[in-house]
A.B. asks: 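Quick one: the structure is below, questions incoming.
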Amino acid sequence: MLTKPLNTPLIHRSVYLLGLLSLCLAGSVSAKDYSILNVSYDVSRELYKDVNSAFTEQWLKQTGDQVTIQQSHDGSTKQAAAVIAGLEADVVTMNQEPDIDKIASKGLIRKDWRTHFPNNSAPYTSTTVFLVRKGNPKNIKDWDDLVKGDNVVILSNPKTSGNARYSYLAAWGYALRKPGGSADKAREFVTQLFKHVPVLSTGGRAATNTFIQNNTGDALLTFENEAFLIAKDLGADKFDVVVPSTSIEADHPVAVIDPVVDKKGTRKVAEAYLGFLWTDAGQEIIAQHHYRPRNPEILARHADQFAHLELFSINDIVPGGWPEAQQIHFSDGGLFDQIYTP
Amino acid sequence: MNAIPQPINPAKLVARQQVALQDADWVRWSLIAIAVSFISLFICLPLGLVIFQAFSKGVVAYWSALSQADTLAAINLTLLTALVTVPLNTVFGVTAAWAITRFDFKGKSLLTTLIDLPFSVSPVISGLIFVLLFGAEGWFGEWLMAHDVKIIFAVPGIILATLFITFPFVARQLIPLMQEMGTQEEEAALSLGAGGWKTFWAVTVPNIKWALLYGVLLCNARAMGEFGAVSVVSGHIRGLTNTLPLHVEVNYNDYNIVGAFASASILAALAVVTLILKSALEWKQGNR
């Protein structure tokens, strides 16, 4: 409230000036140049860089129109909040359903978005694996090893990062499903696990940086694609991927933001862009980035670059799926808040 | 305190001064050593590291990192932001300082406090204020959407947030000086028949110009370097709403270390230029 008297005169004077300025900027785009904004999660940077250039080229060939795809990356839940606050995304490419449901609940995405594209609108999946220091000095092989001794585990914040929510639920599912497992045992295991976590960052990429740049931690919990990106492309001599016995299947759904594409007249290109992810060319790029494509042939062709493990889905461990998981585990005062005390 | 100061024996004063200046050698040297090592550890070393990392893959890599379209866009946006906010805040700062030091009105002390507000709230909160005002679910959100005016997650939001953050710099430099100056010279000019405008340009401006320039420089440095508030309202759209400080973070998180530090070196260079100008101004002022 205190800011009002100071701000009001500034705003009045500047709104006109800045409105003019933005008009000038907007006016410089010619009619046949489309520009769409893809708001995405943190670790999809490399994937969409390649997808975008392939799609741009294909679209130009197909239609003769030039399309520019702009990117914005951060923790997925933070990104969903930005879209709700008015970030004009044409499409969102997220790493789990709740973030899209949240945007849909504000009327920005149609309620039946899951039926808009095949595979519940998720063009690829991933799973949670471990990244450890070269040679695996702490001998971390499965979930139980993470909580041994003074092992330090790095992951991002399940409140703001979809990546970390999968890590949390994967740990939960492991303890729940193993022989003699129960909800109580799962809670105990996850509590133990988070005692080994010294710091939580906003997004998955920030957690990776903590692990590889700051040299903190014995194991990083993250998506398979992120772990392989590091272990194969960036630090083959420094890190190894460890595949646990079992983990969670992570759907990565996509959606069109209806009011934005209708206003901008970009619906056709936005839908074609997301549809491109299901084409052979799109699925091939997806596989090259260590995401699991939906096309079985392309998946088989890249089989050697994916971890072999038993996958369970969220519905296997939380009967009500994401809405219930969100309510029980990640809502304010939920299980995560109860077990994590920094 | 006595109304009339007691005469002081000058010889005594000099003697006292000499004692003060003649601290034991070890005190003097250790103080100097502490200051120098502190500055080298916390300023020179990181600055050197930025330059070292920026050139770690050679001049060509440095240059190609800087000539990336996204980097150029970030540099342009940063310069545009400074170009809009600094002149506006110079005018606002002079106006505010004038109002506070030349007029008496109700709520003057409140106004003085409010000018300091951007200094005292966290930049993240400053950014959130604008989201709460202009975001789709904010106070003006619906109106702005209906009229297709984009503020948040676009250039206007970045400029507004920077404007807010850098508001106090010019006013804060001017207020103490103008208070100390008093109004006598201006009253004299007015009584000699000069108009208000002429008095301002011929009497006030020459008196405050060094402090004004100093305030403008500080304002500019912060406008180009602001991270927190801008990060909240930016939306992080590459090549569009990333200022240089945000671009540094994006590159760092893309594992593009050369790109991150090359952009950082531009920011550092801008800061160094600002510092040199500032020292030159101080030196000039000291000589007067």
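Within every chain, numbering begins at 1; the chains are lettered A, B, ... in the order of the sequence lines, protein sequences first and strands thereafter.
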A.B. asks: Would you please classify the geometry between the B:Tyr62 ring and the B:Phe55 ring as parallel, tilted or perpendicular, with 30° and 60° separating the classes?
C.D. replies: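 Rings of B:Phe55 and B:Tyr62: parallel, as their planes differ by under 30°.
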
A.B. asks: Side chains of A:Gln71 and A:Ser40: do they bring a donor and an acceptor to under 3.5 Å?
C.D. replies: no

A.B. asks: Is chain B contacted by the side chain of A:Leu229, its backbone, both, or neither, given a heavy-atom distance below 4.5 Å?
C.D. replies: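 For A:Leu229, the side chain is the part near chain B, not the backbone.
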
A.B. asks: With heavy-atom distances below 4.5 Å as the criterion, would you say the side chains of A:Arg267 and A:Asp258 are in contact?
C.D. replies: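 In contact.
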
A.B. asks: Kindly confirm or rule out a cation-pi arrangement of A:Arg133 over A:Phe211, judged by NZ or CZ under 6.0 Å from the six-membered ring centre and within 45° of its axis?
C.D. replies: yes

A.B. asks: Does any heavy atom of chain A fall under 4.5 Å from the side chain of B:Leu240, the backbone, both, or neither of them?
C.D. replies: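 The answer is the side chain of B:Leu240.
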
A.B. asks: Distance only, no hydrogens: is a donor on one side chain within 3.5 Å (strictly under) of an acceptor on the other, for A:Ser126 and A:Tyr166?
C.D. replies: no

A.B. asks: Identify which part of A:Ile230 has an atom lying under 4.5 Å from any heavy atom of chain B, answering side chain, backbone, both or neither.
C.D. replies: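 A:Ile230 touches chain B through side-chain heavy atoms alone.
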
A.B. asks: So, are A:Arg205 and B:Glu249 salt-bridged, with charged N and O less than 4.0 Å apart?
C.D. replies: no

A.B. asks: In terms of heavy-atom proximity below 4.5 Å to chain B, should A:Ile84 be classed as side chain, backbone, both, or neither?
C.D. replies: both

A.B. asks: Relative to chain A, which segment of B:Asp148 carries a heavy atom at a distance below 4.5 Å: side chain, backbone, both, or neither?
C.D. replies: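 For B:Asp148, side-chain heavy atoms alone lie under 4.5 Å from chain A.
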
A.B. asks: Check whether any side-chain heavy atom of B:Phe92 lies under 4.5 Å from a side-chain heavy atom of B:Val170, and answer yes or no.
C.D. replies: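 With C-beta onward as the side chain, the pair stays apart.
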
A.B. asks: Answer with side chain, backbone, both or neither: which region of B:Ile257 has an atom nearer than 4.5 Å to a non-hydrogen atom of chain A?
C.D. replies: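 For B:Ile257, side-chain heavy atoms alone lie under 4.5 Å from chain A.
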
A.B. asks: In terms of heavy-atom proximity below 4.5 Å to chain B, should A:Lys49 be classed as side chain, backbone, both, or neither?
C.D. replies: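 No part of it gets close to chain B.
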
A.B. asks: Taking side chain as everything from C-beta outward and backbone as N, CA, C, O, which of these in A:Leu87 sits under 4.5 Å from a heavy atom of chain B? Side chain, backbone, both or neither.
C.D. replies: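 It is both, since atoms from each part get that close.
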
A.B. asks: Would you mind checking which part of B:Val250 comes under 4.5 Å of any heavy atom in chain A, side chain (CB onward), backbone (N, CA, C, O), both or neither?
C.D. replies: both

